[in-house]
Amino acid sequence: MTGTSPGTRSAARAREQWLTPGVRGIGSASFLADVGHEIPTALLPSLLTSTLGAPAAALGAIEGVSDALAGAARFGGGVLADDPARRRKVAVGGYTATAVFGAATAGATAVWQVGVLRAAAWTARGLRVPARNALLADIVPAGAYGRAYGFERMMDNLGAIFGPLLALVLVAWIGVQGAIGLSVIPGLLAAAAIVYAIRRTPRPEIRGRVPLKIRVRPVLSGDLGRLMGAVAAFEVATSPPRC
């Protein structure tokens, strides 16, 4: 007599508890969003230097400002993500805005336009990250956080690999600006995937509007503060210099 062993059944039940349609939706959004924003990222040097005739220093300035704004936006996005109602809107809006602003650089006719659109896209990207992470925490049990976040990171990294490869194919087909313009498609599909995930997430309890307030002291107190200090030191020590 053949049958499924108790261990196999237990593993299958554990898988069903965390790899839900909502988790798959968020993972798909991470994959598609990375494909969408890696295309203009890979082609930005060519757009600035070859198409617009800008010096290499312009690329460094644009990327530096955009990365700084993305980091600051994550801090503000964390405040918004603390409110269950706001985090859903921020997630959808962030994915949509990143796709639109990133693809819009295809129509830029001046370096400053590229800088403004790139900064706007990266700011929206920074805002959406805490909201996405909070949504993921809403739909998986605490004991499966590692698997769920590992799955999301895996999908994100796959998108980072596939995006530049797709950019090469698109450039050979329709050129740099056309390829950047088409990057809006996977970006908007990512926003649709987030909507799909939200619709399969339990609705948050109705409560009064949470006032927006940046409170750093509770984060830096106790064991959490020591952990955050260690993580911050690690990030500083491992940050590669950018040329």
Side-chain angles (χ1 to χ4, degrees), residues 13-34 36-37 69-102 120-156 159 186-225 227-228 231-232:
R13 284 195 298 270
R15 181 178 181 273
E16 292 172 356
Q17 288 174 357
W18 72 270
L19 195 53
T20 62
V23 173
R24 291 195 291 270
I26 291 176
S28 298
S30 292
F31 172 79
L32 291 165
D34 236 44
H37 76 69
L69 289 174
R74 288 194 185 201
F75 187 68
V79 177
L80 294 170
D82 283 339
D83 182 0
R86 288 193 181 103
R87 76 173 60 125
R88 292 168 175 244
K89 297 176 182 178
V90 171
V92 176
Y95 276 94
T96 304
T98 303
V100 172
F101 288 132
W122 249 227
T123 300
R125 185 170 180 244
L127 280 172
R128 82 185 187 212
V129 169
R132 180 204 64 210
N133 291 344
L135 284 172
L136 193 55
D138 283 341
I139 58 180
V140 294
Y145 281 168
R147 282 168 286 176
Y149 283 98
F151 174 76
E152 185 275 325
R153 287 290 85 198
M154 177 194 73
M155 296 295 286
D156 183 272
L188 292 180
L189 289 175
I194 279 292
V195 172
Y196 171 87
I198 288 174
R199 289 182 176 178
R200 281 148 185 82
T201 303
R203 296 290 301 178
E205 296 181 4
I206 298 176
R207 63 184 187 183
R209 177 68 70 175
V210 177
L212 295 178
K213 186 181 296 185
I214 297 177
R215 293 180 295 179
V216 178
R217 182 173 296 178
V219 177
L220 299 180
S221 62
D223 293 339
L224 181 58
L227 174 62
M228 294 295 291
V231 170

On a heavy-atom basis, which atom in [X] and which in [Y] lie closest, and how many Å separate them?
| X | Y | answer |
| --- | --- | --- |
| Gly76 | Leu127 | C-CD2, 4.4 Å |
| Phe151 | Gly27 | CE2-CA, 3.9 Å |
| Ile139 | Gly22 | CD1-C, 3.4 Å |
| Asn133 | Tyr149 | O-OH, 2.6 Å |
| Leu32 | Pro186 | CB-O, 3.5 Å |
| Ala70 | Trp122 | CB-O, 3.4 Å |

Calculate, to the nearest 0.5 Å, the distance between atoms [atom1] and [atom2] belonging to [X] and [Y] respectively.
| X | Y | atom1 | atom2 | value |
| --- | --- | --- | --- | --- |
| Arg24 | Glu152 | CZ | CD | 15.5 Å |
| Arg128 | Leu80 | CZ | CG | 15.0 Å |
| Phe101 | Thr96 | CZ | OG1 | 10.5 Å |
| Ser30 | Arg153 | OG | CZ | 6.0 Å |
| Asp34 | Met155 | CG | CE | 10.5 Å |
| Arg132 | Arg125 | CZ | CZ | 8.5 Å |

Could you please spell out the steps behind the side-chain contact (heavy atoms from CB on, under 4.5 Å) verdict for Arg87 and Asp138? CA-CA 11 Å; Arg87 76 173 60 125; Asp138 283 341; 2.7 Å; yes
Taking atom CZ as the centre, does Arg200 end up with more than 12 heavy-atom neighbours from other residues, nucleotides or ligands that are less than 6.0 angstrom away? yes
